[in-house]
Amino acid sequence: MPELPEVEVTRLGFADRIAGAEITGLTLGKPLRWPLGCEPSLLVGQKVLQVRRRGKYLLLDTSEGLLLIHLGMSGSLGFGKVLQAAGKHDHFELQTTAGSLRLHDPRRFGAVVYAASETDAVAQKLIGRLGVEPLSDAFDARAFHQALQLRQTVIKQVLLAGEVVVGVGNIYASEALFMAGIRPTVRAARLSKPRAARLHAAIREVLAQAVAKGGSTLKDFSNAQGESGYFQLEAMVYDRAGLPCRVCGAPVKTMRQGQRSTFFCVNCQKP
DNA sequence: CACGGATCCTGATGGC
DNA sequence: TGCCATCAGGATCCGT
């Protein structure tokens, strides 16, 4: 479910409300992708200072450390007063003086990990090798082109890997490549400077738009207030196999790349 | 070392 | 209360 826009919309939904609150309890459900990495009681009494985002991770800074939260494929976070008992797919809940932060994650590919600091090996293993933030000034077209020159793999896979640029998942990879007019099967190293620049701009555009519109809701995304986004209404190719391309009318094609579906238009996207 | 594939888990959907 | 195969927004680990 969550790519960068959904994670960012989630962050915006509760960051200000949880900042400054004191942690009063912590409840765990079934195991997530990784263990928490500390005794739950260690968190109690600490304050939540702020909530940041790095790629698809949320970083909850606390008085003595930080929680790294990843939503995996099916995770979502809710924040507020506890109105209902935890359901069978609620596997993490952080109780604070401002409300409770609850992770709902049916598939449990998500994770919540505690680290004493961001430079800790525990934290570095998760976020230490991530690429540049696409919406930051550090995401530079020239550097992007240069990084692509070093990759022998197809461009769609490079985007998904998150080592060059973070935050682009399966939906926005297809969407950004469509916007840039680039076939997903092009070898990254073969992209010309102008085409890399187009892709650079497309990635920023598609992600920024999705954040502005509240995130995609192709499956079950909802923000921390439980409201749905509506990016789905504007997907150009994702999940549109066989439907007419919104630009040229040719049927949208689909293929498998690395066990994931890719959608593209043979007319609008050049090899 | 860089790449491609298998893998974790549950639920929804569609064909038979 | 049908059963089975396939697919789903992620990313790590492992073999080559």
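What's counted below: heavy atoms across the whole structure, side chains too, no hydrogens, waters or symmetry copies. Residue numbers start from 1 in every chain, and the chains themselves are labelled A, B, ... in the order their sequence lines are given, proteins ahead of strands. Nothing here was measured: the structure is a model prediction, and the numbers come from that model.
The Y57(A) side chain lies nearest to dT12(C) when the options are dC9(B), dT12(C), dG11(B). Of the candidates dA8(C), dT10(B), dC8(B), dA8(C) carries the atom nearest the Y238(A) side chain, counting heavy atoms from C-beta on. Distances were taken from every side-chain heavy atom of K56(A) (C-beta onward) to each of dG11(B), dA8(C), dG10(C); the shortest belongs to dG10(C). The side chain of T153(A) lies closest to dC3(B), out of dG10(C), dT10(B), dC3(B).
Note: Y238(A) and F263(A) have perpendicular aromatic rings, judged against thresholds of 30 and 60 degrees for the angle between ring planes.
Side chain of R11(A) to main chain of L59(A): no donor-acceptor pair is present (N/O by atom type, distance under 3.5 Å, no hydrogens or angles).
The two residues V44(A) and G25(A) have their closest heavy-atom pair at CG2-CA, 4.0 Å. In this structure, I203(A) and A176(A) approach most closely via the heavy-atom pair CG1-CB, 3.9 Å.
The residue Q259(A) sits close to a base: some heavy atom pair falls under 4.0 Å. Across all strands, G258(A) comes closer than 4.0 Å to no nucleic acid atom at all (heavy-atom distances). Using a 4.0 Å heavy-atom distance criterion, R129(A) is classed as making no nucleic acid contact.
One atom, CZ of R108(A), and another, C1' of dG11(B), lie 13 Å apart when rounded to the nearest Å. Taking atom CD of residue Q157(A) and atom P of nucleotide dG4(B), one finds them 7 Å apart after rounding to whole Å. Distance, M73(A) CE to dT7(B) C1': 12 Å, rounded to whole Å. Following rounding to the nearest Å, L126(A) (CG) and dC13(C) (C1') show an atom-to-atom distance of 14 Å. When the P atom of dT13(B) is taken as reference, atom CG of D239(A) falls 12 Å away, rounded to whole Å. Remark: C1' of dC3(B) and CZ of R151(A) are 11 Å apart, rounded to the nearest angstrom. In this structure, the CZ atom of R33(A) is 8 Å from the P atom of dA11(C), given to the nearest Å. Separating the NZ atom of K125(A) from the C1' atom of dA11(C) is a distance of 12 Å, rounded to the nearest angstrom.
Residue K88(A) has no polar side-chain atom (N or O) positioned under 4.0 Å from OP1 or OP2 of dT10(B). The side chain of H89(A) places no N or O atom within less than 4.0 Å of a non-bridging phosphate oxygen (OP1 or OP2) of dT10(B). Contact annotation: S261(A) side-chain N/O to dA8(C) OP1/OP2 distance is under 4.0 Å.
Separating the P atom of dA12(B) from that of dA11(C) is a span of 23 Å, rounded to the nearest Å. Comparing the P positions of dA6(B) and dT6(C) gives a spacing of 14 Å, expressed to the nearest Å.
The aromatic ring of F109(A) does not sit over the base of dC9(B); the criterion of centres under 5.5 Å apart with planes under 30° is not met.
Atom CZ of R190(A) sits in a sparse spot, with 12 or fewer heavy atoms from other residues, nucleotides or ligands closer than 6.0 Å.
Partner assigned to dA5(C) is dT13(B), using Watson-Crick or G-U wobble distances below 3.5 angstrom.
Interface remark: the R107(A) side chain does form a donor-acceptor pair with the dA8(C) base, using a distance-only criterion of under 3.5 Å.
With respect to the salt-bridge test (charged N to carboxylate O, under 4.0 angstrom), the residues E163(A) and R151(A) qualify.
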